[in-house]
Every structure is written in C-alpha cells, then in structure tokens.
Amino acid sequence: LRMDSYLIQMNGNSDVHVHRNGNSLSLGKVKSRKPRWAVRASEMSKKTFNPIRAIVDTMKVEPNPNKPMISLSLGDPTVFGNLPTDDEVIQAVKEALDSGNYNGYAPSVGYQSCRQVVAAYYSCPEAPLEAQDVILTSGCSQAIELALAVLANPGQNILVPRPGFSLYKTLALSMGIEVKFYNLLPEKSWEIDLKHLESLVDAKTACLIVNNPSNPCGSVFSKSHLQKILAVASRQCVPILADEIYGDMVFAECKYEPIATLSTNVPILSCGGLAKRWLVPGWRMGWILVNDRRDIFGNEIRNGLVSLSQRILGPCTIVQGALEHIIHRTPPEFYHNTLSFLKSNADLCYAALSAVSGLQPVRPSGAMYLMVSEALMCHFQSIAVCSVCAGSCCPAQCLPCLLKM
Ligand SMILES: *Cc1c(COP(=O)(O)O)cnc(C)c1O
C-alpha cells in the first residue's frame with residue numbers, strides 16, 4: 001500500500017498549486033465558474049416541425065362576416081358534429097370507465113386480451129396475426145413513430161409519398177432520419193411513380209412508407225398496383241411501413257386490400273387505429289400489426305418495438321378496456337353510413353372544384369380527402385416550366401403559367 005500525500009493550495013481564489021509528496025505542480029489560473037442562466041431548446045426540438053399543426057394552431061383568419069366558414073385544413077371528423085361516432089362506441093367507453101378496472105398501468109404494448117382482439121379482427125389466411133404480432137400505441141401517430149424508430153438509424157433514409165401526410169417527415173427529421181420523396185401521379189389517380197420510387201433506393205434506405213388509402217389524395221390502390229409496389233420492395237429488400245389508418249374506408253366501387261395480404265416475403269409493419277374509421281381521433285388508440293411470414297424482422301424488430309414501447313405507456317387503458325366492444329359491437333350500418341356520407345361529400349367537392357377553370361381535382365375513392373392536381377405541388381417543386389415560360393411541360397401543369405392565365 002502506497003500512501004501519497006497531496007496538498008492543494010489555492011492562492012486568492014483562482015491560482016491553484018498541487019503539492020504531491022513535496023513536489024509542487026502549478027495548475028495556473030482556474031477560472032471560477034460563475035453560473036449563468038443559459039436554458040436553450042434542444043437540437044431535437046429545433047429539428048421538429050409539423051407544418052399542419054404549425055398552420056392550424058396559429059392560424060388567425062378573419063372570416064367573411066356574411067358567410068359561415070368551412071375549414072378544409074384538418075382531417076378531424078369531429079369538428080362540425082356531423083360525423084358522430086356510434087352509440088355502441090360511446091357505451092363501450094362508459095362501461096370501461098364504470099367498471100373501475102382500467103385506472104392502472106397496463107403493459108407498455110397493451111393488454112394481452114386487447115392485442116388478441118385486434119389480432120383476431122385483422123387476421124386472415126393470407127396474413128395471419130396473433131396477439132404477439134400486435135403492439136397497441138397512442139394513436140396511429142405513435143405507431144408510425146415506433147415503426148420508424150425501430151427500422152431506421154440516424155443518417156439512414158426513408159421513402160415517403162409526395163403529395164403525402166406530413167407527419168412522416170416531421171418524425172423522421174426529428175430523429176435525424178433523411179427523407180426521400182417519391183412522386184405520386186395525378187394522371188393515374190395518384191398511383192406511385194414506380195420507376196421514380198425504385199431510383200431513390202440506396203444502401204441507406206431503411207423503409208418504404210406506403211399510405212393506402214391516401215391522405216391527402218383520397219386514392220385507393222388496386223391489387224395489381226400494390227403487387228408492383230411489393231415487387232420493388234422485394235427486389236430491393238426494403239421493408240414496408242404501411243400507414244393503413246384509412247383501411248376499409250373505401251367507396252362501394254372499389255376494394256381495399258391490406259398490403260400484407262398480397263405478399264409472402266416482404267416484411268411489413270402495418271399501422272392503424274380507431275381515429276378515422278371509428279371517428280374518435282382524440283381517444284388516441286392505435287396499433288402496429290407485425291407481418292413477417294419469412295421471419296425477416298425476427299425477434300430483432302419485435303424486441304426493438306417492445307423496448308421502444310417502454311419509453312412511455314402509450315395506449316390509454318380506458319380505451320383499451322372498451323376496445324373489444326368497440327370492435328365487436330359497432331354495427332355494420334355505422335361504417336356504411338359514414339362511407340356514404342363521405343362519398344356524397346366527395347362527389348359534391350369534386351363537382352364544385354371541377355367547375356373552376358385551372359383546377360383539376362382527382363375523384364377520390366376513399367378516406368376523407370380530395371386532392372387537386374398538380375402544378376401547385378410536384379411541378380412547382382421540380383421547377384418544371386412549360387414552353388410559354390421556355391421550358392417543356394404542358395401549360396395546364398405549369399404554375400407560373402397557371403397564375404398568368
Ligand atoms: C390521421 C392520420 C394518422 C394519425 O392518426 P392518429 O391515430 O390520430 O394518431 C396517421 N396517418 C394518416 C395518413 C392520417 O391521416
């Protein structure tokens with residue numbers, strides 16, 4: 001055992017000498033730290049920007065006093081009171097509340113019985129699901145956040161539709177994930193430009209986001225288009241994050257195909273929830289369905305999702321307590337009536353916008369949106385200009401020309 005003796009000498013309040021076993025070492029002047037307030041918002045907060053919330057939450061418009069205002073900016077079906085949820089849905093939550101059984105903490109991925117209910121509801125022979133394939137979340141937004149967080153590291157990239165739902169970019173940039181936009185084609189009812197999509201894939205591509213039915217396009221992909229998307233994913237070995245929050249919300253003339261039912265090999269995280277189909281976005285109940293028939297995600301991704309779910313307890317227990325009744329007791333007429341209401345509104349908007357010269361609305365097939373083609377979004381960004389402005393695109397698609405017309 002060696003015992004060294006130290007003497008630390010401070011002259012005044014800043015000149016410091018250390019003496020070890022008689023040898024002196026000067027540390028010179030040490031600046032005394034005078035604390036000062038310097039509270040700054042984090043880098044993460046500065047990288048986080050949700051354009052929809054930023055616009056909607058800060059929007060101050062003076063409506064024409066002689067006319068009621070119709071807000072077309074936000075996909076919240078509860079705003080005008082004309083799309084109420086079903087009584088059974090309300091009743092289910094009342095019962096859950098009154099039971100007193102749902103006031104505590106649940107497992108971070110949700111109650112096993114609720115995961116079982118969701119699995120059974122969405123399971124089908126082409127894409128079988130069990131309770132452990134379901135992760136319950138705080139709305140579909142947290143489902144997307146967890147799916148992105150488990151699939152992508154900072155510095156990797158994800159492929160995102162344009163025009164598309166803005167949350168993907170908001171979440172990705174906040175996590176340091178790069179976003180690459182693939183084009184949707186208005187002239188093909190907003191199908192994906194598959195060549196463009198495939199050209200964007202590189203060694204750092206972590207996943208492909210497919211939103212079907214689409215916000216904001218109101219489009220519904222056909223089976224054959226979905227198969228072509230899957231072929232790209234399969235060729236390039238890129239997993240799919242399917243945002244299917246509008247699943248089953250399609251008008252009578254077309255059919256909704258969950259993308260996972262069309263593939264045996266592409267691993268897919270399908271995100272959904274109660275918000276849109278059951279018209280209760282404020283209840284914050286969503287889920288991830290893990291479709292992985294070839295065991296490509298394996299335990300790696302499943303365990304990753306479970307770990308991430310443990311950061312916060314996302315899914316509300318009261319709503320979990322109501323989930324089985326919501327899913328089993330909501331009458332078929334409710335879904336049917338919601339859709340026929342949306343369909344007649346879609347037809348009305350389509351007719352009204354078609355009558356405006358210069359606007360080219362694309363008739364929606366589902367969800368709650370209608371998108372007007374085209375110069376305003378894609379062509380403006382890619383700076384395509386027509387012959388009138390000395391470029392090459394068609395005048396009807398060129399924003400500079402449109403504005404002059
Ligand atoms: C509304 C919406 C979501 C988010 O759903 P929440 O359950 O409210 O979080 C996700 N994706 C799309 C395309 C949406 O329109």
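The basis for the numbers below is simple: all heavy atoms, side chains too, and nothing from hydrogens, waters or symmetry mates. Counting convention: from 1, in listed order, for ligands and their atoms alike.
Taking Gln142 as the reference, nothing meets the side chain to side chain donor-acceptor pair (under 3.5 Å) condition, with sequence neighbours excluded. When the side chain to side chain donor-acceptor pair (under 3.5 Å) test is applied to Glu126, no partner is found at least two apart in sequence or on another chain. Considering only residues two or more places apart in sequence or on other chains, Arg294 meets the salt bridge (Lys or Arg N to Asp or Glu O under 4.0 Å) condition with none of them.
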Ligand 1: protein N/O within less than 3.5 Å of ligand N/O:
| unit_1 | atom_1 | unit_2 | atom_2 | d |
| --- | --- | --- | --- | --- |
| ligand 1 | 7 (O) | Cys140 | N | 2.7 |
| ligand 1 | 8 (O) | Arg284 | NH1 | 2.8 |
| ligand 1 | 9 (O) | Cys140 | N | 3.2 |
| ligand 1 | 9 (O) | Ser141 | N | 2.8 |
| ligand 1 | 9 (O) | Ser141 | OG | 2.5 |
| ligand 1 | 9 (O) | Arg284 | NH1 | 3.4 |
| ligand 1 | 9 (O) | Arg284 | NH2 | 2.8 |
| ligand 1 | 11 (N) | Asp243 | OD1 | 3.4 |
| ligand 1 | 11 (N) | Asp243 | OD2 | 2.6 |
| ligand 1 | 15 (O) | Asn215 | ND2 | 2.8 |
| ligand 1 | 15 (O) | Tyr246 | OH | 2.6 |
| ligand 1 | 15 (O) | Lys276 | NZ | 3.0 |

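Residues Lys223 and Leu262 are in side-chain contact: their nearest non-hydrogen atoms beyond the backbone lie under 4.5 Å apart. Counting heavy atoms from C-beta outward, Asn215 and Asn211 have side chains that approach closer than 4.5 Å.
Judged by the 6.0 Å and 45° rule, Arg277 forms a cation-pi pair with Tyr335.
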